[in-house]
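Written below as structure tokens is the structure these notes are about.
Each chain gets a letter, A, B and so on, in the order its sequence line appears, and its residues count up from 1.
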Number of protein chains: 2
Amino acid sequence: MATIKDVAKKAGVSVATVSRAINGKGYVHEDTRKQIDEAIRELNYKPNEVARSLFNKKSRLIGLILPDIRNPFFPELARGVEDEMQEHGFRLIIGNADEKLEKELDYIETFKQNNVIGLISASTNEVLSHYDNLSFPLVLLDRTSVEHPSVYANGLDGGRLAAKELVSRGCKRISVLKGPVETQTARDRFKGAVDELYTANVHFDVMTTSFAFQEAEYWAKELFSKYPDTDGVIASNDVVAAAVLHEAHRLGKQIPEDLQIIGYDDIPFSQFLYPPLSTIRQPAYDMGREAAKLLIKLMDGKKVENKNILLPVQFIERQTTRKVERDD
Amino acid sequence: MATIKDVAKKAGVSVATVSRAINGKGYVHEDTRKQIDEAIRELNYKPNEVARSLFNKKSRLIGLILPDIRNPFFPELARGVEDEMQEHGFRLIIGNADEKLEKELDYIETFKQNNVIGLISASTNEVLSHYDNLSFPLVLLDRTSVEHPSVYANGLDGGRLAAKELVSRGCKRISVLKGPVETQTARDRFKGAVDELYTANVHFDVMTTSFAFQEAEYWAKELFSKYPDTDGVIASNDVVAAAVLHEAHRLGKQIPEDLQIIGYDDIPFSQFLYPPLSTIRQPAYDMGREAAKLLIKLMDGKKVENKNILLPVQFIERQTTRKVERDD
DNA sequence: TGTATGTGTGTAACCGATTACACACACAGA
DNA sequence: TCTGTGTGTGTAATCGGTTACACACATACA
């Protein structure tokens, strides 16, 4: 690997001049610049990011913490973040926290030690105190907090929407599957659904589930054993919805005649389920991009007027809910 | 952030002694060591990885290149790699190459510039020449090559198995969906299927598809418009299989009566499809772990006898294939 | 002619670690 | 007493960049 010294020698100047030429700071004579460019090309010189990072106390790396990379919702978020960052010349270190605080702390340590210049966290841990004394800006993603900037989707609306759509389609005994309630958005989502069901005066039961694949099947079985005559399910996410759908098939239920199901997230796979899953869409990719944009602003030290960006959710009508006549 | 100097001052010794104490190299008096440990604790000192990395020309970072993080097969691989690396104190920089050579090269540059000490690549690019002059070891994952160490699953077997299972279940007009053929494993897979079908003397058609979600639906429609009377589909992966299944439902086909489908990969979602997808399972998580283990050996400079690790695949019988009487 | 300003470049300190080397001291064996 | 060896520690160079500062020179203007 060629170093700046090699370039300086080849171009017949000092390293300072090379550095200035590369970074476009200070004066460099046109002719000198050409010499240097030539030397750089010939040696295929690339500045050593580590050395830069050591001096500047800044790398070009961004940390991204995801709770569970296996849940397709999160790769979608990650893609949004990645694409935006890529366009700005930043790179991502993705950490999979596995919903464990310890792993999350581990990654934060790695991020600090590698001089990341910003962090986006979609962690689901209730406590946020480990984010308090960071030397770089932080954006929370898919969650919110008054103390930190965040990008999230409207859980209240999402829960409400899901409930409303089931009620308007005639469900009488609704099961609300509540995700892990560590985060405000998960609580909002639940609250939205419950509020709506109270108002509509529809019977409902509540069950708390995890978001993960491995356990989804268990929860689905549990659901039907506890509430065998449920006729509407508001799932905690699309993964759980898929498991419920699968279990319903196994039990010989007709969908959406006997049972209607609404998922949450709208992961790419949901359209391929049978019947295709009706769900509340969170704009995951856009959320990722927005989080990245917000972080970039913060890193630039720009004043940001709105530090908590709320994105809308949307009911995606497919076929796990009945058709209704709409008067529009 | 406390530095080694702060620790040295607090402990009343030189930085060299602190460094020796931390790294357990050279002599350090027991009492001195205690003083230093105490100072480290009080200051909450963590060595700066960037400075270390600059001097040692080695970080603790491992690069991982994935072709498409949205395809659930790859997060599964990633988890395997991550878990193994985590246990050895290494961290991952995950790069999503998006099946584009340019992005892949970008990430490789980032990896070099950040002194990664090893690279695992599941890239699908045909050319590998950009891996030739790396200063750190490389392991190919989910692909193979004579020049580089690799961990992959038996494509020949996989293709053969898929074909055999369909043939033994009475398929007469099989459609083989061929993935992108840039990689040897994809070619093997195809060859395995075709060999078996030739041998069995069963009619088959071939269509080349991508592996991606966004295009899966298109290919599914294309399939049935080109070969409307196909009665067996060997899909290029589970994502495509899901799309085919979805399209088959839309066309009112009975599965597995009218049409049998076999996927590839066995991603977690496949069990939740309806009917649950029969598929060829690649042990993704284990592949990831094996790749990590192999890389660690290479990084340690150990002689590795077998640089190309072949893992077995397995037919997972679910319900997109008919039941057969087995005489076992 | 003297001074201010702009241009162009080099020297050397610095970022925070690691380590080669020098040196001091204790103790053992000749 | 002298020498060799093991123990313990500090000084300073080094990794590959960036940049403060000094300095040289050209030009402009009073």
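In this structure, A/D68 has no side chain to side chain donor-acceptor pair (under 3.5 Å) partners at least two apart in sequence or on a different chain. In terms of the side-chain contact (heavy atoms from CB on, under 4.5 Å) criterion, residue partners of B/K5 (sequence neighbours excluded) are, by chain and number, B/T3, B/V15. Residues that satisfy the salt bridge (charged side-chain N to carboxylate O under 4.0 Å, His left out) test with B/R91, not counting sequence neighbours, are A/D106. For A/K9, there are no salt bridge (charged side-chain N to carboxylate O under 4.0 Å, His left out) partners at least two apart in sequence or on another chain. Scored by the ring pair (Phe, Tyr, Trp, His ring centres under 6.0 Å) test, A/F136 finds no partners at all (sequence neighbours excluded).
Using a cutoff of 4.0 Å between basic side-chain nitrogens and carboxylate oxygens, A/D83 and A/R79 are scored as salt-bridged.
Applying the salt bridge (charged side-chain N to carboxylate O under 4.0 Å, His left out) test to residues at least two apart or on different chains, the pairs with a partner in residues 124-135 of chain A are A/E126-A/R187. Residue pairs meeting the salt bridge (charged side-chain N to carboxylate O under 4.0 Å, His left out) criterion with at least one partner in residues 136-152 of chain A, sequence neighbours excluded, are absent. Within the structure, salt bridge (charged side-chain N to carboxylate O under 4.0 Å, His left out) contacts touching residues 286-297 of chain B (residues at least two apart or in different chains) are B/E84-B/R289, B/E87-B/R289, B/E290-B/K293.
Taking atom CD on B/Q35 and atom P on D/dG8, their separation rounds to 15 Å, with Å as the unit. Between the CD1 atom of A/I36 and the P atom of C/dG8 there is a distance of 12 Å, rounded to whole Å.
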statement: Expected string for nucleotides 9-21 of chain D under the B/S/- scheme (protein heavy atoms, under 4.0 Å, primed atoms plus P, OP1, OP2 as sugar-phosphate) is BBB--BBBBBB--
Short heteroatom pairs, N/O only, protein and nucleotides 23-25 of chain C, under 3.5 Å:
none

Please list, one pair per line, the donor and acceptor atoms closer than 3.5 Å that link side chains of residues 47-63 of chain A to other protein atoms, with sequence neighbours excluded.
residue: A/N48; atom: OD1; partner: A/V50; partner atom: N; Å: 2.7
residue: A/N48; atom: OD1; partner: A/A51; partner atom: N; Å: 3.1
residue: A/R52; atom: NH2; partner: A/N23; partner atom: OD1; Å: 3.4
residue: A/S53; atom: OG; partner: A/N115; partner atom: ND2; Å: 3.0
residue: A/N56; atom: ND2; partner: A/R52; partner atom: O; Å: 3.2
residue: A/S59; atom: OG; partner: A/L61; partner atom: N; Å: 2.9
residue: A/S59; atom: OG; partner: A/N115; partner atom: O; Å: 2.7

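Across the helix from C/dT1-D/dA30 to C/dA30-D/dT1, the helix axis at one end is tilted relative to the axis at the other end by 60° (nearest 10 degrees, each axis from five pairs).
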